[in-house]
Amino acid sequence: MPISIRPLHPGFAGEVAGIDCREPLDPAQVAAIEAGMDRYAVLVFHDQPLSDEQQIAFTRQFGALESYPTPGNIRRSQEQRLGPGIADFSNLDKHGNILSGEDRLWFFKLGDRLWHSDSSFRPVPAKYSLLSGRIIPSWGADTEFADMRAAYDALDPRTKAEIEGLVCEHSLIYSRAAIGFTDLTPEEIAAFKPVRQTLVRSHPVTGRRSLFLASHAGAIVGWTVPEARMFLHELTEHATQREFVHRHKWRVGDLVMWDNRQTMHRGRRFDRNEVRDVRRTTLAGDAPVPAKAGIEQAA
Ligand SMILES: [Fe+2]
């Protein structure tokens with residue numbers, strides 16, 4: 001059966017049929033999914049009961065996995081739960097028990113409910129993320145996606161001109177501080193040293209421009225912090241208006257793939273006394289964004 005993609009939102013987010021993600025893809029299938037990603041930026045695959053190994057194998061057909069060391073203090077309580085190549089976005093510790101609401105790992109996870117683009121705080125931000133729903137709570141826990149291309153297109157000409165060439169500083173420190181979580185270790189602060197990203201990106205295949213925003217962005221180079229934060233807040237408010245947002249309601253066995261270069265996303269609330277087990281594989285981007293724009297990282 002050939003792959004088909006049904007749009008879920010005008011020009012944004014598609015539902016894929018005619019594929020078993022557990023099986024190796026042929027080149028035409030890979031090309032069809034990549035073309036779907038270029039067009040829709042978010043793809044949903046239902047009824048894909050993947051093992052970790054199958055999820056990793058599926059992901060690797062679209063590029064190299066992202067690989068960054070995580071500071072030990074953050075992941076210590078669950079470092080053994082999953083093997084290499086796949087990240088644990090559950091609310092479980094390494095023994096499979098629900099995390100305490102006072103666990104600092106839980107505080108880190110809460111920050112993912114702010115709008116963000118995965119790994120925008122890394123020198124080379126992520127290309128695709130693939131999230132597999134293994135156990136889904138009975139209420140809430142939706143993931144929302146915002147189309148940052150449509151958001152860019154809808155800006156007025158003056159704002160488009162103003163943001164051209166602007167460079168933001170991204171760090172997990174900013175996004176965690178936004179929810180009042182500032183109790184970071186020296187090791188974490190060193191690991192989360194801000195990186196610079198251009199505020200406008202162009203897609204390498206389609207050339208479409210998009211806003212590259214995230215709650216990790218906490219400064220604009222050359223601006224005062226209050227003015228930068230206020231402007232980033234306003235741009236985020238603009239970019240996450242309902243017309244640009246697709247909400248995914250999870251079913252067990254869903255695999256959702258999104259392009260971090262063209263979208264932002266956020267997790268929504270759920271009852272943390274219920275288990276949510278979702279696992280993410282992530283594809284590396286291909287070069288630092290500022291390097292492509294001819295902008296130096298901070299020393
Ligand atoms: Fe995320």
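Note that ligands are numbered from 1 as they come in the structure, with each ligand's atoms numbered from 1 the same way.
Rounding to the nearest 0.5 Å places OH of Y152 at 14.5 Å from CZ of R201.
With hydrogens and angles left out, the side-chain atoms of Q55 and T281 include a donor and acceptor closer than 3.5 Å.
Nearest heavy-atom pair, P125 versus S120, reported as atom, atom and distance to 0.1 Å: CB-CA, 4.0 Å.
Taking the Fe ion (ligand 1) as reference, D118 places its N/O/S atom OD1 nearest. Of all N/O/S atoms in H265, NE2 sits nearest the Fe ion (ligand 1).
Not a single N, O or S atom of D112, from either the backbone or the side chain, sits less than 2.8 Å from the Fe ion (ligand 1).
Residues R261 and K127 are in side-chain contact: their nearest non-hydrogen atoms beyond the backbone lie under 4.5 Å apart.
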